[in-house]
Structures are given as structure tokens and as C-alpha cells.
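A short write-up of the structure that comes next.
In what follows, chains carry the letters A, B, and so on, assigned in the order in which the sequence lines appear, proteins first and then strands, with residues in each chain numbered from 1.
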2 protein chains.
Amino acid sequence: MKQRITLKKIAREFGVSISTVSKALKNSNEISGELRDKIKAFADYYNYKPNSLALQLRNQKTSVIGVIIPEIVHHFFSTVIDGIEVYANEKGYNVMVCLSNESFEKEVANISVLANGTIDGLIVSIARGTQKKDNYHHFEELIKEDFPLVLFDRVNDALKCDKVIIDDIGGGYSAAEHLLEIGSKRIALLTTQDFITVGALRKVGYRKAMQNAGLDVDEDYVFKLDDAEDLYEQIEKVFELEQAPDAILAVNEIYAAIAMKIAKEKGYKIPDDIAVLGFTSGLISEFTSPPLTSVVQHGFLMGQKSAELLINRIEHTAGKEYHKEVISTNLKIRESTKR
Amino acid sequence: MKQRITLKKIAREFGVSISTVSKALKNSNEISGELRDKIKAFADYYNYKPNSLALQLRNQKTSVIGVIIPEIVHHFFSTVIDGIEVYANEKGYNVMVCLSNESFEKEVANISVLANGTIDGLIVSIARGTQKKDNYHHFEELIKEDFPLVLFDRVNDALKCDKVIIDDIGGGYSAAEHLLEIGSKRIALLTTQDFITVGALRKVGYRKAMQNAGLDVDEDYVFKLDDAEDLYEQIEKVFELEQAPDAILAVNEIYAAIAMKIAKEKGYKIPDDIAVLGFTSGLISEFTSPPLTSVVQHGFLMGQKSAELLINRIEHTAGKEYHKEVISTNLKIRESTKR
DNA sequence: TATGAACACGAAAACGTTGTAGTGACATTA
DNA sequence: TAATGTCACTACAACGTTTTCGTGTTCATA
């Protein structure tokens with residue numbers, strides 16, 4: 001790569017000092033009109049742009065915010081990033097994305113390379129590995145140093161920082177409620193392992209709705225799937241219950257779509273024999289047949305809110321107390337539950 | 001945010017010079033064992049980490065690569081980023097993602113803020129707005145300065161730089177060929193406006209396959225959709241042809257899924273009355289019913305290749321000639337074309 | 001004829017780091 | 001005793017920028 005032109009080189013060219021060049025380019029009237037114009041023309045010709053590293057170092061500000069997400073190939077996370085990007089850009093910030101790939105170690109490593117001057121603040125959704133390990137030292141370090149930090153979606157309540165979460169309990173509740181309203185009696189729940197907080201919270205909502213309707217939750221109808229290769233096999237077990245469920249509530253779109261596929265293979269009519277409902281963030285729900293009723297999560301909004309909280313914290317270190325924003329969900333009713 | 005600890009502060013604490021501290025922390029044996037240990041303990045306690053901005057400025061290297069994509073909420077682009085991230089990380093680089101939102105202006109702006117010292121190299125997929133405007137000055141500037149640049153997917157042949165593309169012609173060809181093989185005679189093509197190169201190239205492949213089979217391409221069967229709100233209406237026109245097509249080849253997953261939905265509504269049996277085939281990068285194809293046969297694009301690989309080319313160029317400015325990698329596609333045959 | 005603006009520029013510090021080239025103090029060698 | 005070495009440390013430049021505080025000239029004013 002060619003060497004970029006610097007103030008120093010321009011100064012040498014004109015036999016003046018660096019300060020003079022800097023001022024000339026900034027249209028300072030300390031510099032005579034004639035020299036100013038010559039310098040500007042020259043700089044323009046060589047396409048001079050101030051080196052941002054130097055500026056960042058001087059101003060002790062990078063205008064970059066870091067984002068660490070578990071994976072990017074996930075519609076929900078992309079929408080969040082989109083929201084972050086849009087808001088951040090508006091405010092003059094750039095976004096640096098890193099992936100933890102759900103791994104504790106990568107999360108730690110990412111934080112360690114990011115939080116050393118490269119970024120002004122950090123937005124994170126906690127990796128599965130970290131939740132499993134239940135080790136949050138790397139976040140506590142940041143918090144101890146008052147480093148601007150916002151957690152979203154996968155958060156940990158013990159950490160003292162701003163947070164943005166989906167109303168997972170509410171989502172689970174209204175999903176189950178809807179299934180009950182259409183007359184379902186035996187609702188199977190497809191959820192994740194317990195340490196995944198969002199799955200756990202959605203289950204809480206489901207349980208609440210059931211109790212509210214005077215129904216007991218039969219643990220046989222709760223399937224805690226692990227994200228392995230054999231999702232099909234794991235979900236098939238739903239249909240081996242003594243009394244088949246008449247509705248399935250899945251905590252994500254994929255589980256729901258697979259369940260529906262299996263149900264159809266086994267000859268169930270949807271929604272008549274069995275209703276299916278998922279949480280969504282992607283496009284699958286719209287294109288299955290029948291299209292899936294689902295709890296939609298507003299990822300874009302979540303991203304925007306996260307960026308807003310972060311930038312507020314960066315710019316006005318003011319407010320000492322931390323905010324916890326809750327993004328509510330919508331129930332998008334499609335054919336899979338219309339009966 | 002609390003002030004981070006610096007070499008200077010440590011030096012002041014011990015009444016020694018900055019260099020001494022720097023060397024002590026680097027285990028230099030120029031420094032006596034005793035002092036070295038004390039300094040290291042102190043630095044450790046205060047969690048000293050060298051400021052990366054300072055290092056980047058000094059070393060004239062950021063180890064960050066910039067990526068500009070048209071949009072992130074698009075499975076294909078996320079997989080590419082994933083590939084870039086993985087490869088870059090392996091090589092010790094971080095990734096900074098920016099979105100052009102398909103806009104020429106934002107693309108220009110992004111390049112201008114990135115290519116000023118913040119990044120060592122840039123990977124871009126050209127915005128639709130830029131293709132429409134046919135204005136590539138911002139890239140030419142970079143190339144003129146020998147700035148490491150890799151274009152992927154949406155490229156422009158006139159630009160002298162490394163490129164990674166999908167074999168769109170080949171994909172279009174094998175898609176059409178497959179439809180012909182299963183006995184289709186009238187294949188409708190759902191593609192994009194001409195200035196979108198990937199759409200245009202896939203059409204070339206389609207045309208080639210048709211000619212190869214001794215068939216003329218009837219332009220009435222070619223639908224150039226624009227990405228507006230009324231995709232449904234636009235695609236419905238396919239079914240208003242005098243002689244209905246017996247196969248549909250769509251240049252992306254959404255077009256294909258919508259076409260299939262409409263076809264089913266109109267009472268067509270898939271694949272018997274009409275076969276449907278799309279290009280995919282996402283999960284929709286798997287969960288439609290019937291599942292969609294599609295040309296799969298290896299986004300992850302594309303990302304890896306792009307990062308590889310870029311980092312090679314950054315590190316060994318060597319090779320003067322530019323590479324053009326072609327990632328070939330796979331045809332994943334599902335139910336929508338099995339007859 | 002001093003005084004003091006106005007003008008047009010330069011010096012230097014600061015941001016945080018690293019590496020090269022000193023520099024004293026002491027010990028060893030011829 | 002003088003030259004040489006070693007040890008343990010410091011000074012300084014460099015990366016590129018901005019900004020505050022000079023400083024020397026010219027010109028007008030009292």
C-alpha cells in the first residue's frame with residue numbers, strides 16, 4: 001500500500017511547520033489567505049485525510065462501539081445488529097462486530113482485545129458457554145472500571161449495567177394463552193436447556209398461563225432440547241407421548257417448523273389435530289404451510305435501544321443508576337393456530 | 001469511565017522512566033529482577049493492558065479489516081461475514097462491519113471513514129445504488145493508493161482488485177438444466193432488474209441451458225422484479241400468461257417461496273403441475289412445503305476466501321496480479337422438483 | 001518615538017507505546 | 001592505573017494530529 005500523505009509531508013513540501021498546515025486545512029485565519037489556498041489545493045490533490053488513529057489517540061475517543069454476539073448467522077441477531085448500526089451511525093459511531101460462537105473463551109478473548117482503547121463502549125449478548133459456566137468475571141472487570149457496557153437478550157441479572165431484554169415471560173404467556181383460547185388442552189412445550197435464560201423465561205410464561213387457566217403443567221409435556229444434530233429425533237419424541245398433545249409451543253422458529261414437519265408426516269392435520277406456535281425472528285414462519293403463528297421479537301428495536309443506552313452512557317457518564325429496557329413482543333397469528 | 005492505567009502512571013508511581021516500565025513488563029533483562037517483579041505485580045494488580053490505539057499508531061497497523069455489505073439482515077451476507085470473521089480471527093485480525101443499506105452515498109461515506117488508518121484492508125459487496133449509478137470512483141481512489149481491497153459477490157469487472165464471486169452462470173445453468181431434465185418445457189424466470197449483476201448472470205446461465213436444449217427463450221417468461229413492497233402482485237403476473245409455465249426458476253429464495261405460495265393458492269400441484277426452484281442461502285427452502293429444490297451458495301466459504309485474499313494482500317504486498325476466485329454452487333434437490 | 005495591536009507563523013506538549021542509543025556507576029582485566 | 005565491560009536505567013524519536021502559547025515583523029496611534 002502506498003504511504004498516505006500526512007501533515008508533516010505537506011509541511012516539508014512548503015517549507016512551513018506542521019501547525020501551519022494543520023491550521024491552513026482547518027481554514028484558520030491565523031494563516032494568510034495565499035498560503036492557505038496553496039496548502040489546501042495541494043492537500044486536496046493528494047487526497048489528504050487526517051489519520052483517524054492519531055485523532056482517536058489524541059481525543060481519547062474512537063467513536064467505535066463493539067458488539068459481541070454468539071453468532072451472526074441467526075436472523076434475530078442480524079436484526080439487532082441492524083438496529084445498532086442504524087442508531088450508532090446516526091450518532092456518528094461505527095460498529096465493530098465480533099462473534100463469540102457461543103464460546104466462553106472466545107467471549108473473553110474478544111472483550112480483552114476490544115476493551116483496550118479500540119472502542120468507546122460494548123454491547124454484548126452472552127454466549128451459551130458463559131451461561132453454562134456461570135462465569136462473568138470478564139464483565140465484572142469492565143463494570144469495575146466503569147466501562148460503558150450494555151447487555152441484551154442474553155443477560156445476567158447479577159451484573160450491574162444497562163440491559164435490554166425481550167419480554168420473554170410475557171411472550172410465553174400470551175403464546176400459551178392463545179393456544180388455550182383456541183381450545184387446546186394438552187400443550188407440549190419445546191424449549192431449551194434450563195441454563196439458557198430466554199428458554200427458561202418463556203417456560204415461566206407458559207407455566208403462568210397454564211396455572212391461570214387452572215391447568216397443571218405436566219412435565220412430560222416439556223421437552224428440553226439440546227442444540228445438537230439430532231433435533232428431529234429429539235422432537236419426534238413429542239409424538240410418542242401416551243396422550244398426544246393438541247398444541248405445540250416452541251421457543252423458536254426452527255423447533256416449531258421441525259415439529260410441524262414431523263406432525264404432518266405423521267398424518268396430523270394442522271391446526272385441527274394439533275396447533276403449532278413458535279417464537280420467531282426470521283422468515284421461516286411466513287413460508288411454512290400452514291404459515292406459523294408466532295411471537296415476534298423486535299430485534300431491530302432491541303438493537304436501537306441498546307445503542308441508545310450505550311451512547312448515552314458514553315456521552316453523559318451522568319446517570320449512575322442502570323436501566324433495564326423491556327421490549328415487548330407481538331403475537332402474529334397465522335394459519336397454524338386458526339381453528 | 002475510569003481512566004485506564006498507563007505506563008506513565010506506573011512510572012510515576014515507582015519514580016522511574018516510562019521506558020523502564022515498558023521494558024520491565026516485557027521481561028527485558030535490562031531491568032533488575034527486583035524492580036521488574038515489583039512493576040509487574042503493580043501492573044497486574046491495576047490490570048494494565050497496553051493501549052491498542054497507541055500501538056496501532058506506532059506500528060502503522062491496526063489488524064482490523066473492514067467489511068461493507070448492502071444489508072446484514074440477509075442470510076447470505078451473514079454467512080459471508082461468518083466466514084470472514086472466522087478466517088480473520090485465526091490470523092489475528094478483527095472485523096469491523098458497516099452497512100451501505102444498498103445506498104451509494106452510505107457506501108462512499110463508509111469507505112471514507114474506514115480507509116483513513118482505522119483498517120488494514122477492506123472487503124466489499126457493492127450496493128445496489130452504486131450499481132445503478134454505475135459510479136465507482138470511491139473504489140478507484142482506493143485502488144490508486146494500492147489499498148488492500150477485495151470485492152465479493154457484487155463485483156465490477158472494471159475494477160482492478162481481488163474478487164470472489166459465485167458461479168452464477170453455472171448455477172443458473174444447472175438449475176435450468178435440472179428443470180429441463182425433469183421434463184419442463186416452459187420455464188418462467190423470476191429475476192431482478194438488469195443492473196443487478198448476479199441476477200443478470202443467472203439469467204445468462206438459464207439462457208445457455210435453454211439454447212443447449214434447443215429451446216428459445218421467450219421473453220414473456222422472464223420477469224424482472226424490482227424489490228418493492230408488491231412482490232406478490234408482481235409475481236402473480238406469472239400465472240396470467242396465456243400458456244402457464246410448467247416450471248419456475250427464481251433467482252432467490254424469497255421469490256421462489258412466494259411463487260410457490262401463489263401457485264398453491266391457485267390450485268397448482270407442486271411439483272406435478274409446476275416445479276419450483278430457487279437460489280438459496282437461507283433456511284426457508286428447507287421448511288416450505290414441499291421443500292424447495294435450490295441452488296445453494298456457499299457464503300461461508302466465500303467469506304473465508306475473501307478474507308484470505310485480503311490478508312494475503314495486506315501481509316505480502318507481493319503478487320501484483322489480482323485473483324478472481326469463483327465459488328461453485330451445489331444443486332440441492334428437494335421435493336419441489338421431484339416428478 | 002515609544003506603545004501596542006494586528007498579522008502570520010513556529011514551538012511544543014499531549015495522547016501511549018516501543019526501541020535504539022545513550023549514560024553513569026561500578027567491577028574486571030591487562 | 002587506565003582501559004574495558006557489565007549493569008540498570010534514562011532520553012528521545014517516532015507514529016499523526018490538534019491546540020495553546022509564544023515570537024518576530026509590520027503598521028498605526030498617541
Distance check: side-chain N/O of A:Gln60 vs OP1/OP2 of C:dG16, anything under 4.0 Å?
yes

Aromatic rings B:Phe77 and B:His74: how do their planes relate, parallel, tilted or perpendicular, breaks at 30° and 60°?
perpendicular

Could you check how far CG of A:Leu7 sits from P of D:dC15, rounded to whole Å?
12 Å

How about NZ on A:Lys49, more than 12 heavy atoms from neighbouring residues, nucleotides or ligands closer than 6.0 Å, or not?
yes

Touch class at under 4.0 angstrom, heavy-atom based, for A:Ser32 against every strand present:
sugar-phosphate

Under 6.0 Å from the NZ atom of B:Lys91, do we count more than 12 heavy atoms belonging to anything else shown?
no

Take the protein atom CG of B:Leu55 and the nucleotide atom P of D:dA14, then report the distance between them rounded to whole Å.
19 Å

Assign the ring pair A:Phe152 / A:Phe76 to parallel, tilted or perpendicular, where the plane angle (0 to 90°) is split at 30° and 60°.
tilted

Which atom names give the shortest non-hydrogen contact between B:Thr20 and B:Ser17, and what distance separates them?
OG1-OG, 2.9 Å

Rounded to whole Å, NZ of A:Lys61 lies from C1' of D:dT17 at a distance of 17 Å

Scan nucleotides 19-24 of chain D against the protein and return all N/O pairs shorter than 3.5 Å with their distances rounded to 0.1 Å.
unit_1	atom_1	unit_2	atom_2	d
D:dT20	O4	A:Lys23	NZ	3.3

Within the pair A:Gln56 and D:dT17, is there a side-chain N or O less than 4.0 Å away from OP1 or OP2?
no

Please report, rounded to the nearest Å, how far the P atom of C:dT17 is from the CZ atom of B:Arg4.
9 Å

D:dA14, OP1 or OP2 - any side-chain N/O from A:Lys8 closer than 4.0 Å?
no

Look at all strands and tell whether B:Leu35 reaches a base, only sugar-phosphate, or nothing, counting heavy atoms closer than 4.0 Å.
sugar-phosphate

Rounded to whole Å, CG of A:Asn29 lies from P of C:dC7 at a distance of 8 Å

Atom CG of B:Asn51 and atom P of C:dC15 are separated, to the nearest Å, by 11 Å

Using a cut-off of 6.0 Å, state whether more than 12 heavy atoms not belonging to B:Lys61 lie near its atom NZ.
yes

Provide, to the nearest angstrom, the distance between the CD atom belonging to B:Gln3 and the C1' atom belonging to C:dA14.
13 Å

Are A:Phe300 and A:Val80 close enough that some pair of their side-chain heavy atoms sits under 4.5 Å apart?
no

Please classify the nucleic acid contact of B:Tyr48 as base, sugar-phosphate, or nothing, using heavy-atom distances under 4.0 Å.
sugar-phosphate

Here the distance between atom P of C:dA8 and atom CD1 of A:Ile39, to the nearest Å, is 13 Å

